[in-house]
There are 4 protein chains.
Amino acid sequence: MNREDKKRLTRQNVLNAAIELFAEQSYEATTITQITERAGIAKGTFFNYFANKEDLICDIQVIWAVEEVRRIKEQPGLLIPHIRYLIMQIDKFHASRQLMLAVNQGIISSPKAIRNQLEQIDELVKALTEVIEEGQRRGEFTSSLPAAMICEIAIQTYLGTRLYWSMGRGDSNLGTQMVVTFELFFKSIMA
Amino acid sequence: MNREDKKRLTRQNVLNAAIELFAEQSYEATTITQITERAGIAKGTFFNYFANKEDLICDIQVIWAVEEVRRIKEQPGLLIPHIRYLIMQIDKFHASRQLMLAVNQGIISSPKAIRNQLEQIDELVKALTEVIEEGQRRGEFTSSLPAAMICEIAIQTYLGTRLYWSMGRGDSNLGTQMVVTFELFFKSIMA
Amino acid sequence: MNREDKKRLTRQNVLNAAIELFAEQSYEATTITQITERAGIAKGTFFNYFANKEDLICDIQVIWAVEEVRRIKEQPGLLIPHIRYLIMQIDKFHASRQLMLAVNQGIISSPKAIRNQLEQIDELVKALTEVIEEGQRRGEFTSSLPAAMICEIAIQTYLGTRLYWSMGRGDSNLGTQMVVTFELFFKSIMA
Amino acid sequence: MNREDKKRLTRQNVLNAAIELFAEQSYEATTITQITERAGIAKGTFFNYFANKEDLICDIQVIWAVEEVRRIKEQPGLLIPHIRYLIMQIDKFHASRQLMLAVNQGIISSPKAIRNQLEQIDELVKALTEVIEEGQRRGEFTSSLPAAMICEIAIQTYLGTRLYWSMGRGDSNLGTQMVVTFELFFKSIMA
DNA sequence: GATGAATGAGCCTTCATTCAT
DNA sequence: AATGAATGAAGGCTCATTCAT
């Protein structure tokens, strides 16, 4: 293993330790000391990889599957099934409510974290809007609302469900809760 | 002005100062020292009114208009207009994104704050579920979904819109963003 | 009940409340607020009766039965039985270890408390020395040591037993522990 | 000087500063800020070495010479001279009354400190009881009392003398006071 | 690049005491 | 004489960050 690989490994170690701790306690309650202890490195080493805790949360943020969204509009036939399938994938994270709560805490914890989060949302909006426009073109989605607005509401719905679930409500499985919620959403945007 | 009134005034002073500061900076970044300085009282006085910062946020939390929701189901005719009207009232808070962000930070900042928030949601759920059941009885809302589930999704939608907006996206006016979002939601639950 | 009586009653109320709290927690841990709450008076009222907490402990200090000691030397015959009887009276306080610990904490907690304690010890020393001198005159106690020294050691023995017991060791009953200890002591000073 | 040595040095610096301050004022009156200032370190550094002030006193506690006591019972001939010699060693600490008072305050200041103290007493009791049993076997000490009880009273005597002396009474030298006191004690337990 | 002891600003909180009512 | 809201000094303690090794 060369030097570059080792660095990557250490960095991932730190991220994993942080995720675990965020899930066990919370974003705010987790200290850098705890993270480095669990990652098995010295405190000082942390700062060779991340400028500060804020930086860390930016790296952890739940992946918005932008790439997958982009590919949807290439699919023939109805688009909704593909979107539904994507939503079901959320299960795969096996995220605990605690972790999701920590993520929610993290993304609104600081201006920088918010900015970072908004950038990611921007990209998602772009990709998703195109999908919805395609759906409107194909007559699958209503054209009575601008695609951008539908997209925005979709993301709001996603965020709301995630927040609600992370607070300890809804189905024990986040994926299920998402799917149910989006069934209703789909109904409202179908042509 | 008697003692009792003076107490009430001081308490409100503290709350106002806190709200201002939360809006300017954030929940986490605001210190008790800052709050008392702005409220023009001694630091110790704060603790005569609130056990800690956590306690404070519980008092600030945006009021869920539970009472108003309860009254809706007594109304004759269509219910949606009344609900829509209630949603439009959110404007009245003239809340800034910053403040709403602080509220969002506050309610997920600690187990206690979450518990408090859940209690409030519980009450709202109870009231709103009855409204939706009434709507289903009247044939205004779809009966293909349990009222409780519809209610849950409504709250998710509300939370999601609030979170999204507080992060700096959506219409400049929270009320407008809410109304638009709920139009779509209504569409999905109409019979 | 006249004003004077009422004052005495309030004062005693405060003392009782303080003793209870010292016994439950400790001298240091007990706050004036707790004392006034239990005594059912306002915080400010406390300062009408005591200048501060230090003052309070001086009033609580376990009574050294100086008067009883003085009377012993008037008794005919052997003196030890009378002393032994006095020691057995300690039972009567029904003091808990906790309370005794609080008393021990109290008497060494501040220069003023120590000074007060020393004054009381001084008086006891004077009274007890006379008893011992009388015992030496009667040939009951050894004359190989000065009465003052024997007296000093007796008090040390008393203090040590009290401290040891208050820390949770020795017989469950303080009186028993005292009697046993002093039996040995008597043996050492008998002629 | 390597890192490890430096740490040891800093730790000892802190302890020395604390002992000095305890002796000058008292355990309770001494603040961590004062300790760190005198030790010439930052306040935060204190907490790298001790979890809190309570922890500190546990380290300072006057050494009970358990090891030395254990060795006594191996000695041939009379045991009392060896015990007497040990007691005389107390001089060596050159402890001031103030410091001893601080120690006394410290050991009964908190449940944790008491527990720690009791553990040390326990060990001493074990060691000392064996010595006394040996003395009883050799016919040096009275067998009319269980060794454990004699041992207990010895410790009470020690504690009482220490407390009495620390309050400002007795011979100016603690060692002298101890020796005198124990002469009487020995007399009471000799066969 | 890794280490971890040292830092120190600044946090929350306590509580004896005051004083206007 | 009683009240209790206001005070504010002072306490213990946290923790991100630095830097010499």
Side-chain angles (χ1 to χ4, degrees), chain A residues 3 6-7 10 28-37 39-56, chain B residues 1-11 14 28-37 39-55, chain C residues 3 6-7 10 28-37 40-56, chain D residues 1-4 6-11 28-37 39-56:
Chain A
R3 200 173 259 201
K6 222 169 166 185
K7 270 185 79 172
T10 303
E28 281 297 337
T30 300
T31 68
I32 289 176
T33 303
Q34 289 176 326
I35 295 172
T36 55
E37 266 171 7
I41 59 166
K43 216 191 301 192
T45 308
F46 177 90
F47 295 93
N48 291 337
Y49 291 90
F50 302 93
N52 45 45
K53 208 167 75 168
E54 223 173 13
D55 242 53
L56 186 74
Chain B
M1 181 161 52
N2 64 13
R3 253 192 194 187
E4 209 55 35
D5 284 345
K6 226 169 165 183
K7 260 185 92 169
R8 229 190 310 279
L9 193 71
T10 303
R11 188 190 175 84
V14 175
E28 282 296 339
T30 300
T31 70
I32 288 172
T33 304
Q34 290 175 327
I35 294 173
T36 55
E37 266 170 8
I41 58 165
K43 213 195 298 198
T45 307
F46 177 90
F47 295 94
N48 290 339
Y49 290 91
F50 302 93
N52 43 46
K53 213 169 68 169
E54 219 174 15
D55 241 52
Chain C
R3 200 175 261 200
K6 223 170 163 184
K7 270 184 78 173
T10 303
E28 282 296 339
T30 300
T31 69
I32 289 176
T33 304
Q34 289 175 328
I35 294 172
T36 55
E37 267 170 8
I41 60 165
K43 217 191 301 193
T45 308
F46 177 91
F47 295 93
N48 291 336
Y49 291 90
F50 302 93
N52 44 45
K53 209 166 74 167
E54 223 173 14
D55 241 53
L56 186 73
Chain D
M1 186 162 46
N2 65 11
R3 256 193 191 185
E4 210 55 34
K6 226 168 164 183
K7 262 186 91 171
R8 229 189 312 278
L9 192 72
T10 303
R11 189 189 174 85
E28 282 296 339
T30 300
T31 70
I32 288 171
T33 303
Q34 290 175 326
I35 295 173
T36 56
E37 267 170 7
I41 58 166
K43 212 196 299 195
T45 306
F46 177 90
F47 295 95
N48 289 339
Y49 289 90
F50 303 94
N52 44 46
K53 210 167 73 167
E54 219 174 12
D55 243 52
L56 186 72

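Quick caveat: nothing in here was measured; it's all calculated off a predicted structure. Every chain is numbered from 1, with letters handed out A, B, ... down the list of sequences.
- Of the side-chain N and O atoms in Thr45(A), one or more sit less than 4.0 angstrom from OP1 or OP2 of dT3(E).
- Of the residues near DNA chain E, Thr10(A) and Ile41(D), the one whose nearest nucleotide (by heavy atom distance) lies more toward the 5' end is Thr10(A).
- Pairing each heavy atom of Tyr49(A) with each of Lys7(A), the nearest pair is CE2-O, 3.5 Å.
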Could you list all N or O pairs between the protein and nucleotides 16-20 of chain F that sit under 3.5 Å apart?
residue, atom, partner, partner atom, Å
dA16(F), OP2, Ile32(A), N, 3.1

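- Residue-to-nucleotide proximity on DNA chain F shows that, of Ala29(A) and Ala42(B), the 5′-proximal contact is made by Ala42(B).
- In this model, a side-chain donor or acceptor of Asn48(B) finds a partner on the base of dA6(F) within 3.5 Å.
- The two atoms that bring Thr36(B) and Ala42(B) nearest to each other are CG2-O, 3.8 Å, heavy atoms only.
- Residue Ile41(A) holds its CD1 atom at 8.0 Å from CZ of Phe46(A), rounded to the nearest 0.5 Å.
- The side chain of Tyr49(A) places no N or O atom within less than 4.0 Å of a non-bridging phosphate oxygen (OP1 or OP2) of dG1(E).
- We find that CD of Gln34(B) is positioned 13 Å from C1' of dC12(E), with the value rounded to whole Å.
- Contact record, Glu28(A) with Lys53(A): O-NZ, 3.5 Å, taken as the closest heavy-atom pair.
- Between the CD1 atom of Ile35(A) and the CG atom of Leu56(A) there is a distance of 5.0 Å, given to the nearest 0.5 Å.
- Residue Lys7(A) is classed as having no contact, given no heavy-atom separation below 4.0 Å to the nucleic acid.
- The partner of dA20(E) is dT3(F), by the rule that a Watson-Crick or G-U pair needs both atom distances under 3.5 Å.
- To the nearest angstrom, P of dC13(F) lies 11 Å from CD1 of Ile35(D).
- Spacing between atom CG of Asp5(B) and atom C1' of dA5(F) amounts to 14 Å, rounded to whole angstrom units.
- Contact of the Ile32(B) side chain with the Phe50(B) side chain is not registered, since no non-hydrogen atoms from C-beta on lie closer than 4.5 Å.
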